[in-house]
There are 2 protein chains.
Amino acid sequence: MRSVESSGRARRRLVTLVKEALRDLNIQLSLLNRQVGARVELRDVDFDCLEVLNRHGPLSPTALARRAGLHPATMTGVLDRLQRGGWVARERSPESGDRRAVTVRVLRERNAELFRLLSGMNTAMDGICADYTDEQLAVVADFLNRTAQAGTQATTDLATGRSPGTPG
Amino acid sequence: MRSVESSGRARRRLVTLVKEALRDLNIQLSLLNRQVGARVELRDVDFDCLEVLNRHGPLSPTALARRAGLHPATMTGVLDRLQRGGWVARERSPESGDRRAVTVRVLRERNAELFRLLSGMNTAMDGICADYTDEQLAVVADFLNRTAQAGTQATTDLATGRSPGTPG
DNA sequence: ATCATCTAATATGGTTCTCGTATTAGACGA
DNA sequence: TCGTCTAATACGAGAACCATATTAGATGAT
């Protein structure tokens, strides 16, 4: 890649616009998450954990806590609430070899409710996407994926106290 | 606009990819926010309020509470913490006409610290942006802005209990 | 002017959440 | 067999959330 077309003032302004838009989007999605969570009696942190589980499959409480940047004891409370609400199930899989291990699995049925609450946003996104060509959508998807990747990196860098860019 | 180029299975798949990438980005940014907040002793909700203030100028506590979907009494606690940490200042502006009114203003100096914590993400974004043409960046910025807009709409729809799309 | 009513911001207190520490159960190497 | 490690959870002190009450001030009707 590296198809730098221009690098003057206009270019920098364009990059700034993208970053500002991203920041706006970030905060707006946070507020949306909170609103959705409030509708189904989920704390911020519960909602985030549920989303992580939805995307990254069944996880152990410890692994989930690490990913979400939470204290293990906090995770116990989170899972208690999620389980009480019917969002997830704690499973002790006998075939896992380690009898201490617990895996947390989302319950498909209850999670459909989230989908319903987000249906408005979903159809809005369909409408927005309809205005772009296939090539443009591909660019957008690529950008979003790479940005999410950068977010993961920045998050772990902060969590491990490593300054950004430090190798190994 | 409405430049629908294709509308078959491949197209739907592309749209799905975009939406999934957006969802990933959403959750990843949430986790990043939490991690950044943790570094400066800010709760989730404090961080969000601070960001709203950073973007949407000085606001009254009540207006901020409405925008963030929080109870006014909760906002008092949030502002107490933000003020104690030196992030914001409560001002009673005598020229505002209403002597009950308080306006909350972010303190530039302290907020530079957030900027520093996000510097890793910032330079990563510069690197990502460098890989796109001006036209592509314009498309991305447009997409992000429109998505943020849709997020705002979905948030207020949920907050007001109005089903999405219901007129006036 | 006076009073009822409205809103802004905050105080109060009961319930809930967070997280450092301790505990229990089990894995694993020496 | 023992010491050490990890997974998950229990416990409790401190903090946060928010329904409600309170104080101060605006606004409108009579």
Side-chain angles (χ1 to χ4, degrees), chain A residues 30-31 33-50 52-53 58-85 87-105 159, chain B residues 30-31 33-50 52-53 58-85 87-105 159:
Chain A
S30 286
L31 299 185
N33 287 350
R34 177 162 304 120
Q35 205 63 243
V36 170
R39 282 304 188 97
V40 286
E41 307 258 81
L42 286 179
R43 320 266 134 249
D44 264 12
V45 76
D46 301 4
F47 185 88
D48 283 353
C49 290
L50 192 55
V52 170
L53 285 171
L59 283 173
S60 75
T62 306
L64 182 53
R66 264 198 282 268
R67 208 182 261 272
L70 293 175
H71 193 282
T74 305
M75 188 52 68
T76 297
V78 170
L79 293 179
D80 285 350
R81 286 193 297 275
L82 287 178
Q83 191 169 36
R84 204 165 51 230
W87 299 101
V88 305
R90 275 190 255 230
E91 299 176 351
R92 304 200 98 99
S93 46
E95 77 275 6
S96 87
D98 191 332
R99 271 183 300 176
R100 298 166 302 175
V102 168
T103 60
V104 183
R105 187 181 309 276
Chain B
S30 286
L31 299 185
N33 287 350
R34 194 186 319 286
Q35 204 63 241
V36 170
R39 283 303 188 96
V40 286
E41 308 259 80
L42 286 179
R43 320 268 133 244
D44 260 11
V45 75
D46 301 3
F47 185 88
D48 283 353
C49 290
L50 193 54
V52 170
L53 285 170
L59 282 173
S60 76
T62 307
L64 181 54
R66 264 199 280 268
R67 208 182 262 270
L70 294 174
H71 193 282
T74 305
M75 187 53 68
T76 297
V78 170
L79 293 179
D80 285 350
R81 287 193 297 275
L82 288 178
Q83 190 169 35
R84 203 165 51 230
W87 299 100
V88 305
R90 274 190 254 230
E91 299 175 350
R92 305 199 96 99
S93 45
E95 76 276 6
S96 87
D98 192 331
R99 271 183 300 176
R100 298 167 303 175
V102 168
T103 61
V104 183
R105 186 181 308 276

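Please read all numbers here as calculations on a predicted model, not as lab measurements. We use all heavy atoms of the structure for the numbers below, so side chains are in, but hydrogens, waters and symmetry mates are not.
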Taking atom [atom2] of [N] as reference, at what distance in whole Å does atom [atom1] of [X] sit?
X	N	atom1	atom2	answer
Q83(A)	dA8(D)	CD	P	13 Å
F47(A)	dC17(C)	CZ	P	17 Å
L82(A)	dT16(C)	CG	C1'	15 Å

Taking 4.0 Å as the cut-off, does a side-chain nitrogen or oxygen of S60(B) come that near to OP1 or OP2 on dA9(C)?
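Yes, S60(B) has a side-chain N/O under 4.0 Å of OP1/OP2 on dA9(C).
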
Partner set under side chain to side chain contact (heavy atoms under 4.5 Å, CB included) for [X], not counting sequence neighbours:
X	result
V102(A)	P61(A), R90(A), R92(A)
R43(B)	V45(B), D46(B), R81(B)
A89(A)	L107(A)
T62(A)	S60(A), R66(A)

A68(A) versus L31(B), closest heavy-atom pair with distance:
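For A68(A) versus L31(B), the nearest heavy atoms are CA-CD2, 4.1 Å.
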
Give me the atom names and distance for the closest heavy-atom approach of R105(B) to P58(B).
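For R105(B) versus P58(B), the nearest heavy atoms are NH1-CG, 3.5 Å.
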
Take nucleotides 22-30 of chain C nucleotide by nucleotide from the 5' end and write B, S or -, depending on whether a protein heavy atom sits under 4.0 Å from the base, only from the sugar-phosphate, or from neither.
---BBS---

Whether each nucleotide of nucleotides 9-21 of chain D has a protein heavy atom under 4.0 Å at its base (B), only at its sugar-phosphate (S) or at neither (-) is summarised, 5' to 3', as BB-----SSBBB-

Answer whether the closest heavy-atom distance between the side chains of V88(A) and C49(A) falls below 4.5 Å.
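V88(A) does not reach C49(A) side chain to side chain.
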
Is there side-chain contact between V104(A) and L82(A), with at least one heavy-atom pair below 4.5 Å?
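A side-chain contact is absent here, since even the closest heavy-atom pair is not under 4.5 Å.
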
